[in-house]
Amino acid sequence: MSQRYKIPRGTYDILPQDSYRRQFLMDVFRKTADLYNYREIVTPMFESADLFERSVGDTSDIVQKEMYVFEDRKQRRFALRPEGTAPVVRSYVENGMQVSRLYYMGAMFRYDRPQKGRYRQFYQYGVEAIGSAHPYIDAEVIAMAVHYLEALGLKDFRLEINSVGGPASADAYNQALKDYYKPHVDELCGDCKNRLEKNPRRLLDCKVPSCKVFAKDAPVMLDYLDPEALQCFEKVKSYLDELGIEYTVNPQIVRGLDYYTDTAFEILDDSLGAQNALLGGGRYNGLVEQIGGKDAPGIGFAGGFERLELSMEKNGLSFGDEPHPEVFLVAMGEAAEIQTVKICNRLRHAGIPTDFDIEKGSFKSQMKAANKSGADIAIIIGEDEVANNTLTIKDMRQGTQETIPADEINERIEKIRERS
RNA sequence: GUGGCUGUAGUUCAGUUGGUAGAGCACAGGAUUGUGGCUCCUGGCGUCGUGGGUUCAAAUCCCAUCAGCCACCCCA
């Protein structure tokens, strides 16, 4: 026997019987983005590794231990994209785009240990609004995220926002944290000892009880914001209030990507388990310039479809209807088979989803197939029908049927469609 | 990268102190030779995740490995 192959770790197949669910999530996202006048952008699944190292940050976990890096045949270093913002900004710069409101959907890749809501290849939806620093845009982007979740029927999520300020306030705050934690270095866990030097903000997130004790009284980020950032944050909040969007300010939100400035936010669903972030985002006012473009502010968010599905299942929400044929043809005998092929073709070209099973032998098993297909209508074509140039139309829901002249088929189908 | 639990038919799982495998669902056919859904009947040799070890004998015990789930971590 030949080798049986297995799907790579941390990946999954979307099987045909489930694909309409993902399609539904994508359709609703597109419709929501249309409402806000955002346009889709599609970028490659891989980019220069360097792009992510510089933007996401080479001290971040994503770059340090989760990125799929490879060389091509000419020794160029590439990475499977671990996130969507850097590629979109790269395209924005490369194509000389002006003020842009963009959305995207697609696979992202991170080498991580799989668990509930976490995969190595996962699918994200996201938006980026580049070119405006107006605080309304912050609120609009957040509003769109909330709008999308509500359009799916979700309710049990909460929005948390924060501001991490610009580079100046970030430096001041990092210094304050270092000063605060320094006297307690010996009491911190190993991870936190490293964090103290590299990224003191992460200390606030530590789950180790002995470290948590200190987090409670640690300096608060908002106290170190420069006046401009603080004012901006206030405005974002008031726009959210005007839009009727509920939120809580959580000064401890720490986003794991280095390019974030000012507004940062997350939408969480606590019923999801350990991976409870439905989506997250924030401003990145220095990123465009850093990637080589003319200085321009930006803000965006990204979320994972997998977690959306978990949350929707948990709440028993609908993913729309599973596709099925409207008409299923049942043929008896060779002459009927040719008729069936022709009628099927005609119905399909008339825009009516139609099918039949050419493999099935007995009448009975064809009827079973018709039933299983979910079709509303079965059209039976047997020897009698061929001889008399008629068709038997059966309403599968009611169980009623009628034999009609073959050329009345379209109007009869129309009638039954109207009823259902 | 670390830890815990698990790995038997397409699927969900059972398998008693080691004696080389079973059920529900699904699927297929039939009861009803031109009528589905309900009911009943019939149909399962499946590398017992993989490799090695202990034993007269391993799905069952031991080791390794791979995979899944959950948690740490990180985040979507």
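Order of the sequence lines sets the chain letters (A, B, ...), proteins ahead of strands, with each chain counted from 1.
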A/Ile338, CD1: over 12 other non-hydrogen atoms inside 6.0 angstrom: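 Incorrect, the count does not exceed 12.
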
Sugar-phosphate only, base, or nothing, as touched by A/Glu385 at under 4.0 Å among non-hydrogen atoms: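 Base, at least one base heavy atom under 4.0 Å.
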
Please write out each protein N/O paired with an N/O of nucleotides 66-69 of chain B under 3.5 Å, distance rounded to 0.1 Å.
| residue | atom | partner | partner atom | Å |
| --- | --- | --- | --- | --- |
| B/rG68 | OP1 | A/Gly10 | N | 3.3 |
| B/rG68 | OP2 | A/Arg9 | NE | 2.5 |

A/Asn250: which of A/Glu160, A/Arg158, A/Glu266 passes side chain to side chain donor-acceptor pair (under 3.5 Å):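 That would be A/Glu160.
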
All N/O contacts under 3.5 Å from nucleotides 38-44 of chain B to the protein, with atom names and distances to one decimal?
none

Contacts of type salt bridge (charged side-chain N to carboxylate O under 4.0 Å, His left out), residue A/Glu94, not counting sequence neighbours: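 Expected list: A/Arg90.
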
Stems formed with participation of RNA chain B [Watson-Crick or G-U wobble, under 3.5 Å, three or more pairs]: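 Stem list for RNA chain B: B:1-7 with B:66-72, B:10-13 with B:22-25, B:27-31 with B:39-43, B:49-53 with B:61-65.
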
Can you pull every protein N or O that's under 3.5 Å from an N or O on nucleotides 28-30 of chain B?
| residue | atom | partner | partner atom | Å |
| --- | --- | --- | --- | --- |
| B/rA28 | OP1 | A/Lys372 | NZ | 3.1 |

Atom-pair distance (CG on A/Asp357; P on B/rG36), nearest Å: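 Result: 16 Å.
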
Ring centroid separation A/Phe29 to A/Tyr103 under 6.0 Å: yes

Is there any protein nitrogen or oxygen under 3.5 Å from a nitrogen or oxygen in nucleotides 10-12 of chain B, and what are the pairs?
none

Test ring-ring contact (aromatic ring centres under 6.0 Å, His included) applied to A/Phe356 and A/Phe328, step by step: CA-CA 5 Å; A/Phe356 65 101; A/Phe328 200 95; 7.8 Å; no

